Amino acid sequence: MTTATNALAGDRTPETILVAVAWPYANNHLHAGHLAGAYLPADIFARYQRMRGNRVLMVSGSDSHGTPVTVRAEQEGTTPEAVFQRYHQSFLDTWDGFGISFDIFTSTDTPNHIKVAQDFFLRLRERGYLYEAEQELLYDPVAQRFLPDRYVEGTCPRCGAEGARGDQCDNCGSTLDALELINPISKLSNATPERRASSHFFLKLSAFTEQLQAWIGGKEHWRTNVRNFTLGMLREGLKDRAITRDLTWGVPIPLEGYDDKRIYVWFEAVIGYLSATVEWAASEANPTGNAEAWRDFWTSDTSRTYHFIGKDNIPFHTVIWPSMILGHGDLNLPYDVPANQYLTMGGTKASKSRGGVIWLPEYLERYDPDPLRYMMTANAPETSDSDFTWTEFVRRNNDELVARWGNLVNRVLTITGRNFDAAVPAPPADLSPESRALIERCDEAFEAVGNDFDHVNLRRGLTAAMEVAQAANQYLDARAPWSAVKTDRDHAAETLYVALNVISGLVTMLHPVLPFSCAKAWTMLGHSGDVEAAGWQRTPVLPGTPLPAPAPLFKKLDDAVVAEEEARLGS
RNA sequence: GGCAGGGUAGCUCAGUGGUAGAGCAGCGGACUCAUAAGCCGCCGGUCGUGGGUUCAAAUCCCACCCCUGUCACCA
């Protein structure tokens with residue numbers, strides 16, 4: 001069967017796409033906010049692009065450095081390496097459980113990353129974009145370390161409130177400098193911090209303002225908030241930024257005489273996008289076997305890089321990392337930074353520290369991955385924060401996944417199995433107008449849904465696909481094959497044949513969002529191979545194909561789940 | 001406080017100058033193949049507030065209120 005969608009999938013030049021996902025911080029397990037904010041949208045996008053036949057590389061890794069990892073290790077009486085290793089393994093298990101299809105998920109604690117990051121540092125220095133300067137900082141004499149602003153508390157110099165943090169006063173909302181605090185106290189040891197001078201390397205961000213403005217000026221496909229927020233930052237003017245810290249856990253500075261300093265975690269973590277690609281190219285996972293293949297993603301002018309991140313990371317991906325790339329001089333700038341807003345939990349921000357969090361490893365002990373993937377895409381925080389409640393989760397699962405989509409598959413397969421010897425019925429030579437219309441609607445949806453997915457409008461794409469499922473339910477209801485089979489067997493055969501074919505199209509269209517259940521449905525349609533390899537088009541269901549016994553794709557959830565889970569959230 | 005995004009039906013959200021939309025919830029109906037699912041219809045909104053521009057504003061302008069992010073040493 002030749003259709004418009006076959007042509008669509010056919011004569012295209014494959015594109016090269018780097019899906020670069022934020023590096024999770026290895027000091028705790030992942031929660032629902034991580035999934036909704038970056039990992040799930042990145043995975044759906046990557047899966048879709050692979051189905052289109054594009055060459056996709058999806059990279060990320062654990063961010064193993066930074067002060068909180070060190071502090072946690074000290075509290076537990078262990079090493080930063082041990083803390084990082086524990087959560088790195090947890091992350092790998094979480095990706096596996098939710099089907100987040102990384103081509104490589106490495107960490108910043110590899111010799112490769114350290115080398116790539118150090119080379120990057122040296123190159124920027126050689127090209128004149130790094131300079132050294134003295135800074136006055138607060139030092140904790142008991143904990144024997146320099147203190148980030150957040151680790152200092154004191155009296156607010158603006159409003160006089162007690163307990164103001166070094167970066168901000170929660171009472172009056174002022175942005176502070178820790179040096180301004182009255183009666184400062186270290187949160188690590190309760191000691192009174194001392195002022196100490198320290199020499200650090202600074203990145204000359206101020207040198208890139210005009211180039212960044214010109215670059216972002218052409219990015220009209222960016223999300224409004226990402227673009228305007230960045231343009232606002234550039235308008236206000238960029239300040240040079242220190243990119244080294246007084247620490248001993250992190251990437252060493254590749255110069256003599258800096259043993260007690262490390263490269264700032266954010267400077268080296270964004271380089272991880274590059275180092276992970278380099279690591280992949282040199283690994284067995286690279287089918288070409290060419291260790292230089294990383295260049296296809298970073299120096300080819302036809303490759304596109306997408307950064308999937310949460311909104312709090314926008315400045316690092318639209319200003320700092322692009323500045324570093326410009327300073328490097330030989331790498332591609334990002335094509336898009338589809339930053340998501342936040343997933344709130346019953347109205348409050350999902351946060352590790354404040355409770356009210358769904359831990360992903362715990363979720364997987366009790367539920368299948370697809371319902372959460374569905375819920376978080378249908379209600380994705382693409383343009384504004386979106387709220388997660390267990391009531392809504394159960395409703396989406398029961399009313400939309402089970403009732404509209406899963407039940408459509410189940411009812412069609414059951415009627416077919418029972419009345420047509422468990423094989424795909426043969427349609428008449430000419431399909432009726434309503435049958436042709438439904439098939440056509442399904443095939444056209446590939447273009448609309450694909451266009452939405454390609455522009456990272458995942459919520460809209462999913463909605464459009466689910467509307468086809470609804471149209472199929474309407475078609476079934478109008479033609480009632482369960483009663484037609486008794487009076488006009490050919491009529492019923494046509495209906496079921498058409499419904500099976502539309503379901504086949506939907507299984508492909510929904511696969512990026514629902515990979516686990518769509519893989520099951522694929523087999524139940526009598527298809528061989530896997531959905532992803534079949535490409536972004538409806539795979540025809542051919543008359544006479546034997547159909548295995550159907551099983552429900554999703555589990556209906558009892559309303560009691562809501563109370564159980566809300567009790568867990570409160571604890 | 002500055003900058004950015006958001007505020008639309010009971011709930012979750014679409015909708016950027018031309019008669020306010022969808023799904024769910026609620027109410028009613030016809031059906032019964034299916035995980036009591038699916039289908040049809042009804043009910044439901046002074047579009048955050050107050051001004052302004054316009055023949056016409058959810059949409060453009062001004063002021064204000066609320067939520068979120070960010071403001072360079074959290075990452």
Side-chain angles (χ1 to χ4, degrees), chain A residues 22-25 27 63 65-69 135 137-138 146-152 158 165-168 172-175 177-179 198 200 203 205 223-233 235-236 238-242 244-246 264-266 269 310-316 319-320 339 341-342 344 347 349 375 378-381 383-389 391-392 395-396 398-400 402-404 406-416 418-419 459-460 463 466-467 470 472-478 480-485 492 496 550-556:
Chain A
W23 289 51
Y25 201 50
N27 70 338
D63 183 350
H65 301 134
T67 307
V69 172
Q135 245 187 332
L137 300 165
L138 290 178
F146 282 90
L147 294 168
D149 284 354
R150 296 210 155 182
Y151 284 70
V152 185
R158 307 281 153 73
R165 277 178 294 131
D167 57 341
Q168 186 171 19
C172 66
S174 303
T175 303
D177 184 323
L179 295 171
S198 184
H200 283 289
L203 174 64
L205 285 174
R223 290 183 180 171
T224 314
N225 66 317
V226 178
R227 191 162 186 267
N228 288 347
F229 176 78
T230 308
L231 288 171
M233 278 186 78
R235 211 180 304 121
E236 286 176 27
L238 300 179
K239 285 194 272 178
D240 295 347
R241 185 160 177 149
T244 50
R245 296 287 184 274
D246 293 287
Y264 173 42
V265 65
W266 250 110
K311 63 177 167 182
D312 54 329
N313 278 340
I314 292 171
F316 292 96
V319 173
I320 296 178
Q341 309 278 320
Y342 278 160
T344 57
K349 185 193 163 188
M375 159 85 182
N379 192 29
T383 51
S384 62
D385 290 355
S386 69
D387 198 39
F388 180 97
T389 60
T391 308
E392 185 70 357
R395 186 196 72 69
R396 292 257 189 204
N398 290 353
D399 295 344
E400 297 182 19
V402 173
R404 192 185 303 171
N407 182 57
L408 168 67
V409 177
N410 196 237
R411 68 197 297 211
V412 169
L413 288 172
T414 304
I415 308 170
T416 308
R418 197 172 291 161
N419 296 291
R459 185 169 60 189
R460 200 168 74 169
T463 303
M466 289 298 284
E467 280 169 1
Q470 186 169 29
N473 276 321
Q474 290 164 338
Y475 169 83
L476 279 181
D477 200 72
W482 51 89
S483 51
V485 75
L496 294 170
L553 290 177
F554 308 101
K555 297 182 192 111
K556 193 169 163 109

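This structure is a prediction, so every number in the text was calculated from the model and none was measured. All chains are named by letter (A, B, ...) in the order of the sequence lines, taking the proteins before the strands, and each is independently numbered beginning at 1. Only this structure's heavy atoms are used, side chains among them; waters, hydrogens and symmetry mates stay out.
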- Please assess A/Arg396 against A/Asn379 for the test side-chain contact (heavy atoms from CB on, under 4.5 Å), listing each intermediate value before the final yes or no. CA-CA 10 Å; A/Arg396 292 257 189 204; A/Asn379 192 29; 4.0 Å; yes
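Put simply, the side chain of A/Asn225 reaches to within 4.5 Å of the side chain of A/Ile314, judged on heavy atoms.
Between the A/Arg241 side chain and the A/Leu238 main chain, no donor and acceptor come within less than 3.5 Å of each other. A donor-acceptor pair under 3.5 Å is formed between the side chain of A/Asp240 and the backbone N or O of A/Leu205.
An OP1 or OP2 oxygen of B/C13 is reached within less than 4.0 angstrom by a side-chain nitrogen or oxygen of A/Asn379. For the pair A/Gln470 and B/C39, the criterion of a side-chain N or O lying under 4.0 Å from OP1 or OP2 is met. For the OP1/OP2 pair of B/A34 and a distance below 4.0 Å, the side-chain nitrogens and oxygens of A/Arg418 include at least one atom meeting the criterion. A sub-4.0 Å separation between OP1 or OP2 of B/A75 and a side-chain N or O of A/Thr67 is present. Close to B/G5, at under 4.0 Å from its OP1 or OP2, lies a side-chain N or O of A/Asn228. At least one side-chain nitrogen or oxygen of A/Lys556 sits closer than 4.0 Å to the OP1 or OP2 atom of B/A37.
A distance of about 23 Å separates the C1' atoms of B/C42 and B/U46, rounded to the whole Å. B/A57 and B/G52 are spaced 11 Å apart, taking the C1' atom of each and rounding to whole Å. The same atom, C1', is picked in B/G17 and in B/U59; the two are 7 Å apart, to the nearest Å.
The CD atom of A/Gln474 sits 18 Å away from the C1' atom of B/U32 (whole-angstrom rounding). To the nearest angstrom, P of B/C13 lies 12 Å from CD of A/Gln341. In this entry the distance linking CG of A/Leu476 with C1' of B/G38 reads 9 Å, nearest Å. Going from atom CD1 of A/Ile415 over to atom P of B/A37 covers 17 Å, rounded to whole Å. The distance between atom CG of A/Asp387 and atom C1' of B/C24, rounded to the nearest whole Å, is 15 Å. What separates NZ of A/Lys555 from P of B/A34 is a distance of 22 Å, to the nearest Å. The distance between atom CG of A/Asp312 and atom C1' of B/G5, rounded to the nearest whole Å, is 14 Å. The CD atom of A/Gln135 sits 12 Å away from the P atom of B/A72 (whole-angstrom rounding).
Comparing A/Ala242 and A/Arg411 along RNA chain B, the residue whose closest nucleotide (by nearest heavy atom) sits nearer the 5' end is A/Arg411. For A/Glu467 and A/Ala269, each mapped to the nucleotide of RNA chain B holding its nearest heavy atom, the one lying further toward the 5' end belongs to A/Glu467.
Candidate nucleotides B/U70, B/U12, B/G2 were compared by shortest atom distance to the side chain of A/Glu236, and B/G2 ranks first. Among the nucleotides B/C74, B/U35, B/C24, the one closest to any side-chain atom of A/Arg404 is B/C24.
If you check every strand for non-hydrogen atoms under 4.0 Å, A/Leu138 touches nothing. A/Ser386 comes within 4.0 angstrom of the backbone, heavy atoms only, and of no base. Residue contacts shown for A/Asn225 are limited to sugar-phosphate atoms, with no base heavy atom under 4.0 Å away. In this structure, A/Val265 reaches the sugar-phosphate backbone alone: every heavy-atom distance under 4.0 Å involves primed, P, OP1 or OP2 atoms, never a base. Among the protein residues, A/Leu408 comes within range of no part of the nucleic acid, since none of its heavy atoms lies under 4.0 Å from any strand. Residue A/Phe146 is out of contact with every strand shown, counting any heavy-atom pair closer than 4.0 Å. A/Asn313 comes within 4.0 angstrom of a nucleotide base, judged by non-hydrogen atoms across all strands. At a threshold of 4.0 angstrom between heavy atoms, the contacts of A/Phe554 include nucleobase atoms, whether or not backbone atoms are also involved. Within 4.0 Å of A/Thr230, counting heavy atoms only, lies no atom of the nucleic acid at all. A/Leu553 comes within contact range of at least one nucleobase, with a heavy-atom separation under 4.0 Å. Among the atoms of the strands shown, base atoms are found under 4.0 Å from some heavy atom of A/Pro552. Within the 4.0 angstrom heavy-atom criterion, only backbone atoms of the sugar-phosphate kind lie near A/Arg245; the bases stay farther away. Heavy atoms of A/Arg223 sit nowhere under 4.0 angstrom from any nucleic acid atom.
Pair assignment for B/C24: B/G10, on the basis of Watson-Crick or G-U wobble contacts that are both within less than 3.5 Å. Across all strands shown, B/A30 remains unpaired; no Watson-Crick or G-U wobble contact has both distances below 3.5 Å. Base pairing of B/G1: its partner is B/C71, meeting the Watson-Crick or G-U wobble criterion (both donor-acceptor distances under 3.5 Å). Figure legend. B/G18 is base-paired to B/C55; pairs are counted as Watson-Crick or G-U wobble with both atom distances under 3.5 Å. Within the shown strands, B/G48 is the pairing partner of B/C64 under the Watson-Crick or G-U definition, both distances less than 3.5 Å.
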Could I get a table of every N or O pair under 3.5 Å where one atom is in the protein and the other is in nucleotides 25-31 of chain B?
none

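The CD atom of A/Gln341 sits 5.5 Å away from atom CG of A/Asp385, with the distance rounded to the nearest 0.5 Å.
Interface remark: the A/Asn407 side chain does form a donor-acceptor pair with the B/A34 base, using a distance-only criterion of under 3.5 Å. Between the side chain of A/Tyr264 and the base of B/A75 there is at least one donor-acceptor pair of N/O atoms closer than 3.5 Å.
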